[in-house]
Amino acid sequence: MKKNVFFCCCFLFFVLSCSKTEEITDSVSDTNVEVAVDSSIDLEEAETTTSLFRDDITGVIYVNDVSLYVENEDGKMKWARSCPIGEKALYLGEKKEAMRTDGQKRTFYNISYDNTDYWIQDYCYEPDTSLGFIVSENTLLYKDDSLAAATSEVLPQFFIVAVYNDSLKSSSKFVKIATYNTDLTSSWVVKDKYVKREAVEVSELDVQAMLLANVAAETKNEVVRKELFTNAMEMGSKYTDDIALLGELTERKILENEYLSGLKTETVKQKITLDKETEVFSIPKDSQVNDQAKPSGLEPRLLGTLKANTSVTATKRLVIDAIENTLVVCYYVESGQYKGWIEVIETVKVTDEEEQL
């Protein structure tokens, strides 16, 4: 009898234990399924966020001393600080039109610079770009990456540009650039235009040296300007000799501007059609104008040549000499990207009364 009771108790214990184990197993299984579903949802959300925003897209600022803005409570862009040329900024994924606090509507990129969120105007910044500069003289702009897409506009040698990174990786003969140049005629803002690959330098050391040289050229303080040029030449770039020449050209332009500021010119607004091929110079050709002698060694620089029958707009007039009924006149003219002085021989009309005298 005792043995039967003992075996019954053991059997009941075994049945209850199996039932409890099944409950625990079911519970764990349910929990695992729930965790697996939650994990899958989080992964999908993460993938969606990544597809909407990349945290590794940087771009370069390719204009000097640009403004950075913050958005105020009215949704207007308020000036916050300035930023020098050549700086990199992280693109935060948003581009929009907005009103500045001065009432001007502009297009802005949202960026992170110096660990702070700002807005920057699109004329001076482009995402996913690297810094470069123009190597060749009078480099033509192209509308597309095609040899047949050349425009009549040129970029000057050593000018700073932003180069789109995807074009750097391509096998095309061209690279795509963005830049800003006030000498261009169709638009000062250049976006999605092309230049030949060999016309652009993107080596980091060379770019940084030429960048410093460009900053030096815009510096008004003579001592600081010369120091910056010296620093640029000491960086070990293969363009050191070019930087030295750029420094000399900068000093020469300063002397030219000082000389021109003292000339007594007549303000005009006159269309002139050239009857022959005409050279354009940085200053009037004559050695002495209005009794103001040019500084020693300051000779006119040839800027270019205009073809016969070209129409130019003159804004300044300067009589150099008068010989009988003939005037030697210099005009300050603009024709496309050419801006400088030309020399014209003018015949003075004589009236009947003057002839009788």
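Just so we're clear, the structure is a prediction, and the values are computed from it rather than from any experiment. In this chain, residues are counted from 1 in sequence order.
- Tested against Ser282, the residues Leu302, Asn257, Leu303 include a single side chain to side chain contact (heavy atoms under 4.5 Å, CB included) partner, Leu303.
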* To do: Would you sort out whether Ser335 and Lys307 count as a side-chain contact (heavy atoms from CB on, under 4.5 Å), showing the intermediate values?
  => CA-CA 11 Å; Ser335 176; Lys307 295 180 180 180; over 6 Å; no

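- When hydrophobic residues (I, L, V, M, F, W, Y) are linked wherever their side-chain heavy atoms come within less than 4.5 Å, Val268 remains an isolated member.
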* Does the pair Asp114 and Arg81 meet the rule for a side-chain contact (heavy atoms from CB on, under 4.5 Å), with working shown? -> CA-CA 11 Å; Asp114 200 16; Arg81 61 177 291 184; 3.4 Å; yes

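- Residue Glu137 qualifies as open at atom CD: its count of foreign heavy atoms under 6.0 Å is 12 or below.
- Annotation: Gln104, atom CD; neighbour count of heavy atoms from other residues, nucleotides and ligands within 6.0 Å is above 12.
- Between Phe133 and Phe158, the ring-plane angle classifies as tilted under the 30° and 60° cut-offs.
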* Kindly indicate, with the supporting measurements, whether the criterion salt bridge (charged side-chain N to carboxylate O under 4.0 Å, His left out) is fulfilled by Glu201 and Lys238. => CA-CA 11 Å; Glu201 178 63 72; Lys238 60 177 176 283; 3.4 Å; yes

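- Ion pairing of Glu256 with Arg301 is present here, as a side-chain N (NZ or NE/NH1/NH2) and a carboxylate O approach within less than 4.0 Å.
- Of the N and O atoms on the side chains of Thr313 and Lys271, at least one donor lies less than 3.5 Å from an acceptor on the other residue.
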* Does the side chain to side chain donor-acceptor pair (under 3.5 Å) test come out yes or no for Gln121 and Ser67, once each step is laid out? -> CA-CA 8 Å; Gln121 289 182 213; Ser67 296; over 6 Å; no

* Please step through side-chain contact (heavy atoms from CB on, under 4.5 Å) for the pair Val195 and Val161, ending with a clear verdict. => CA-CA 11 Å; Val195 294; Val161 299; over 6 Å; no

